[in-house]
Amino acid sequence: MAGIGCSGWIPSPFFDLDTLHVTHGRPIAFATGVKLGNPDLEVAVFTGDGDAFAIGGNHIIHAARRNIGVKVICVNNMIYGMTGGEVAPTTPQGLKTLTTPFGNLERPFDLSKLVMAAGGTYVARWTTYHVARLVASMKKALTRQGFAFLEVLSQCPVHYGRRIGISKPVDMMRWFEKQSVTVEKAHEMSEQELSGKFVVGEFLDIQAPELTQLYAELFEAANRDSN
Ligand SMILES: Cc1ncc(C[n+]2csc(CCOP(=O)(O)OP(=O)(O)O)c2C)c(N)n1
Ligand SMILES: [Mg+2]
């Protein structure tokens, strides 16, 4: 499942499985319907920071709250990439973008924190530099029962990199390497030391009843009572 954006192109041409490329901001709504309709399906969503947290912000918080067995991989490039580099709810304060030529005045969301506050049960963040750890977290996210949220800080050299003076994709990955601190290390750092850093790691991994499982139990009890 994917919405509209650069991130939306990940599953539909590249994966040899059933894919749906749906409207902007709505992949989690579609995924919720698909999973409720057929709980035996493994449902995963590739989405962007704008797709999931601007136009689609409502759907992600409720999917997290419901703990529905949908896995969300959010490609966070901190900008609207595909449409030309407009400001997103993840864009750092002060950054000049197409729609904030004098610098962004708004404070950005911390996506992983937001999903945890909404009731998420598995939440992790890595960058495209942390390939091995990202793959390990993806495996965990995809094989667990409940909702999973994986934030992947990703380079958009065209619209983000050039705004911070980095034009090569590989240099953006080096920048991710330099600016990242693990959540364990971050605990020992002050707010000032953490300014401008990316805190990465596995933030949360807890068990809670999964929604389609609860429905299955409800149907079973209702059938028992009516017999
Ligand atoms: C209903 C609707 N509104 C707006 C658009 C235009 N639009 C397409 S992608 C996009 C934002 C993409 O940003 P993001 O989700 O962060 O994806 P990225 O390209 O950065 O991966 C917008 C505003 C649209 N296609 N449909
Ligand atoms: Mg984006």
Side-chain angles (χ1 to χ4, degrees), residues 1-15 19-33 43-64 70-101 103-104 106-115 118 123-131 134 138 141 148-164 166-173 175-176 179-180 198 200:
M1 193 83 60
I4 305 298
C6 296
S7 46
W9 291 104
I10 297 173
S12 44
F14 298 119
F15 292 175
T19 57
L20 279 178
H21 197 164
V22 302
T23 42
H24 183 47
R26 300 291 177 263
I28 295 167
F30 277 85
T32 300
V43 183
V45 173
F46 279 84
T47 184
D49 47 317
D51 198 50
F53 288 90
I55 189 171
N58 215 19
H59 302 294
I60 187 131
I61 55 174
H62 292 288
V70 164
K71 329 296 171 184
V72 176
I73 297 167
C74 180
V75 177
N76 180 6
N77 53 11
M78 299 175 279
I79 204 139
Y80 286 0
M82 199 185 77
T83 41
E86 299 89 345
V87 71
T90 42
T91 305
Q93 257 181 325
L95 195 81
K96 288 183 181 164
T97 72
L98 192 70
T99 44
T100 57
N104 177 26
E106 301 176 6
R107 294 172 303 157
F109 277 147
D110 180 322
L111 304 187
S112 289
K113 272 192 188 165
L114 201 158
V115 173
V123 179
R125 169 164 55 211
W126 299 108
T127 78
T128 49
Y129 167 78
H130 301 93
V131 178
L134 181 56
M138 271 188 189
F149 179 72
L150 189 49
E151 178 182 349
V152 189
L153 289 165
S154 307
Q155 62 275 30
C156 173
V158 176
H159 293 301
Y160 193 98
R162 74 183 169 92
R163 298 287 187 177
I164 57 168
I166 306 176
S167 57
K168 286 191 198 150
V170 69
D171 290 341
M172 279 202 87
M173 288 175 83
W175 175 66
F176 280 142
Q179 294 304 110
S180 294
F198 302 117
V200 294

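For ligands, and for the atoms within them, numbers begin at 1 and follow the listed sequence. Everything numeric here is computed off the predicted structure, so don't read it as measured data. No hydrogens, no waters, no symmetry mates; every other heavy atom, side chains included, goes into these values.
Judged purely by distance below 3.5 Å, without hydrogens or angles, the side chains of N76 and E151 pair a donor atom with an acceptor atom.
Under a cut-off of 6.0 angstrom, the local environment of CD in E106 is sparse, with at most 12 non-hydrogen atoms contributed by other residues, nucleotides or ligands. For Y129, the OH atom is loosely surrounded, since the number of other residues' heavy atoms within 6.0 Å does not exceed 12.
Taking backbone and side chain together, N77 holds an N, O or S atom under 2.8 Å from the Mg ion (ligand 2).
Here the side chains of E86 and I79 are not in contact, with every heavy-atom distance at 4.5 Å or above.
The protein residues lying under 4.0 angstrom from ligand 1, judged by non-hydrogen atoms, are I4, G5, C6, S7, H24, G48, D49, G50, D51, I55, N77, I79, Y80, G81, M82, T83.
Checked against the 6.0 Å centroid threshold, Y160 and Y80 do not count as a close aromatic pair.
Here the Mg ion (ligand 2) is the vertex; the OD1 atom in D49 and the O atom in I79 give an angle of 110° (to 10°).
The main-chain N or O of T91 is found under 3.5 Å from a side-chain atom of N104 such that the two form a donor-acceptor pair. Remark: side-chain polar atoms of N77 are not paired, donor with acceptor, to backbone N or O of C156 under 3.5 angstrom.
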